[in-house]
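Keep in mind that what you see is a predicted model, and the values were worked out from it rather than measured. All chains are named by letter (A, B, ...) in the order of the sequence lines, taking the proteins before the strands, and each is independently numbered beginning at 1.
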There are 2 protein chains.
Amino acid sequence: MSDIDKIDRKILAVLQADGRIANVELAEKVGLSPTSIGERLKRLQRDGYIEGYGARLNPQMLGLGLLVFVEVLLDKTTPDVFERFARAVRLAPEVLECHMVAGGFDYLVKARVADMSAYRRFLGESLLALPGVRESRTYAVMEEVKRDAPLPVG
Amino acid sequence: MSDIDKIDRKILAVLQADGRIANVELAEKVGLSPTSIGERLKRLQRDGYIEGYGARLNPQMLGLGLLVFVEVLLDKTTPDVFERFARAVRLAPEVLECHMVAGGFDYLVKARVADMSAYRRFLGESLLALPGVRESRTYAVMEEVKRDAPLPVG
DNA sequence: GAATTTTACCTTAGATAATCCGGAAATGAT
DNA sequence: ATCATTTCCGGATTATCTAAGGTAAAATTC
């Protein structure tokens, strides 16, 4: 599975916490020269361990104060519904995540909007407007207990 | 609410897509000098729009091939259950997100584990072992249609 | 088991980028 | 219109990245 050693894991852990850290500083933290770090970084990126880097923004500050999860059931008699639903969801900017799940429903959608009225609009005009959507259950988040934790690499 | 202008939004959009971009390159993209970009960045960070930077890792490559969502119901007769549950969840490395929701259940947990047997262990030893957990429903993800989309800043 | 290749690492030096400072231009308020 | 504030830029300094060359250890081959 993984041919990465302890140093690689340390690098990944540090980079998850601070993706913009300078190479020299990262080198100090893991006890290697900046050059070696650079080579390891390039390898980790080439082999697909690191997919990219991103800024973590504060949703509240950007007027996206409401986080919602929506369970969606599709009408499986219509053909193409899954593909069409997936395509539409990828285009909707409010949708941060969408997963096809095994269990009582078909898709679990995670979306961020400004407030409840914005959500009503999104639900009616984006989600339920799609053909083949048979049922939906909305769960509004009251408190985010844990948000976007780093992957355990240790 | 937001006193950030179009240039700030552009900066945030670019940084979400590539958090490790060089300042000079970012400056070219938004049509400003690197010095000004630096000042804006510092302000965006100080005011809390940018909470940090992180590397995006590939869960599969790290042996975390299974993504699950768990709906958890708590026994509200026991005191402190919410606080204790929240504390435990924050400490569990498998749990990437946990939200208290309004609706048919109390908490929605998002977790990544190696496989089903690892999940069984996590569910039994970490989640259900907590006092006050009355019921849980697990939904295993079969396909990740949309993953970690950037926040709409436009 | 010895020779060879490969790999990982370090140091150095030259290129590149970030930061600090002073001043100019734009913006806004009185 | 004037003053104050903010935003921006250019140049100098400092820090960082990157590429080249060299060494040692490990893996591979014979």
Side-chain donor-acceptor contacts of residues 28-38 of chain A below 3.5 Å, not counting sequence neighbours, with atom names and distances?
unit_1, atom_1, unit_2, atom_2, d
S33(A), OG, S36(A), N, 3.3
S33(A), OG, S36(A), OG, 3.4

Could you work out, with side chain to side chain donor-acceptor pair (under 3.5 Å) as the rule, every residue matching [X], not counting sequence neighbours?
X: D47(A); value: none
X: R40(A); value: D5(A), D8(A)
X: E51(A); value: N58(B), R147(B)

**Prompt:** Per the end-axis method with five pairs at each terminus, what is the bend angle of the helix from dG1(C)-dC30(D) to dT30(C)-dA1(D), to 10°?
**Reply:** 50°
**Message:** Near DNA chain C, counting only heavy atoms under 4.0 Å, which residues of residues 18-38 of chain B show up?
**Reply:** A22(B), N23(B), V24(B), T35(B)
Could you tell me the separation between the [atom1] atom of [X] and the [atom2] atom of [N], rounded to a whole number of Å?
X: L41(B); N: dC8(D); atom1: CG; atom2: P; answer: 12 Å
X: I7(B); N: dC9(D); atom1: CD1; atom2: C1'; answer: 13 Å
X: K42(B); N: dC8(D); atom1: NZ; atom2: C1'; answer: 14 Å
X: R43(B); N: dT19(C); atom1: CZ; atom2: P; answer: 16 Å

**Request:** Among residues two or more places apart or on two chains, list those pairs meeting ring-ring contact (aromatic ring centres under 6.0 Å, His included) that have a residue in residues 76-95 of chain B.
**Result:** F82(B)-Y107(B), F85(B)-Y107(B)
**Item:** Any pair counted as ring-ring contact (aromatic ring centres under 6.0 Å, His included), so long as it reaches residues 119-154 of chain A, sequence neighbours left out
**Value:** Y139(A)-F105(B)
**Ionic contact status for E83(A) with R90(A), cut-off 4.0 Å** = yes
**Under 4.0 angstrom between R40(A) side-chain N/O and dC9(C) OP1 or OP2** = yes
Ignoring hydrogens and angles, write down the donor-acceptor pairs under 3.5 Å from the side chains of residues 65-76 of chain A, residues two or more places apart or on other chains.
unit_1, atom_1, unit_2, atom_2, d
E71(A), OE1, R137(A), NE, 2.9
E71(A), OE1, R137(A), NH2, 3.1
D75(A), OD1, T77(A), N, 3.2
D75(A), OD1, T77(A), OG1, 2.9
D75(A), OD2, T77(A), OG1, 3.3
K76(A), NZ, D106(A), OD1, 3.2
K76(A), NZ, D106(A), OD2, 3.3

Please list, pair by pair, any protein nitrogen or oxygen found under 3.5 Å from a nitrogen or oxygen in nucleotides 24-30 of chain C.
none

**Whichever hydrophobic residues join V24(A) through chains of side-chain contacts under 4.5 Å** = none
**Prompt:** If you look only at pairs with a residue in residues 115-130 of chain A, which of them pass as a salt bridge (Lys or Arg N to Asp or Glu O under 4.0 Å), with sequence neighbours excluded?
**Reply:** none
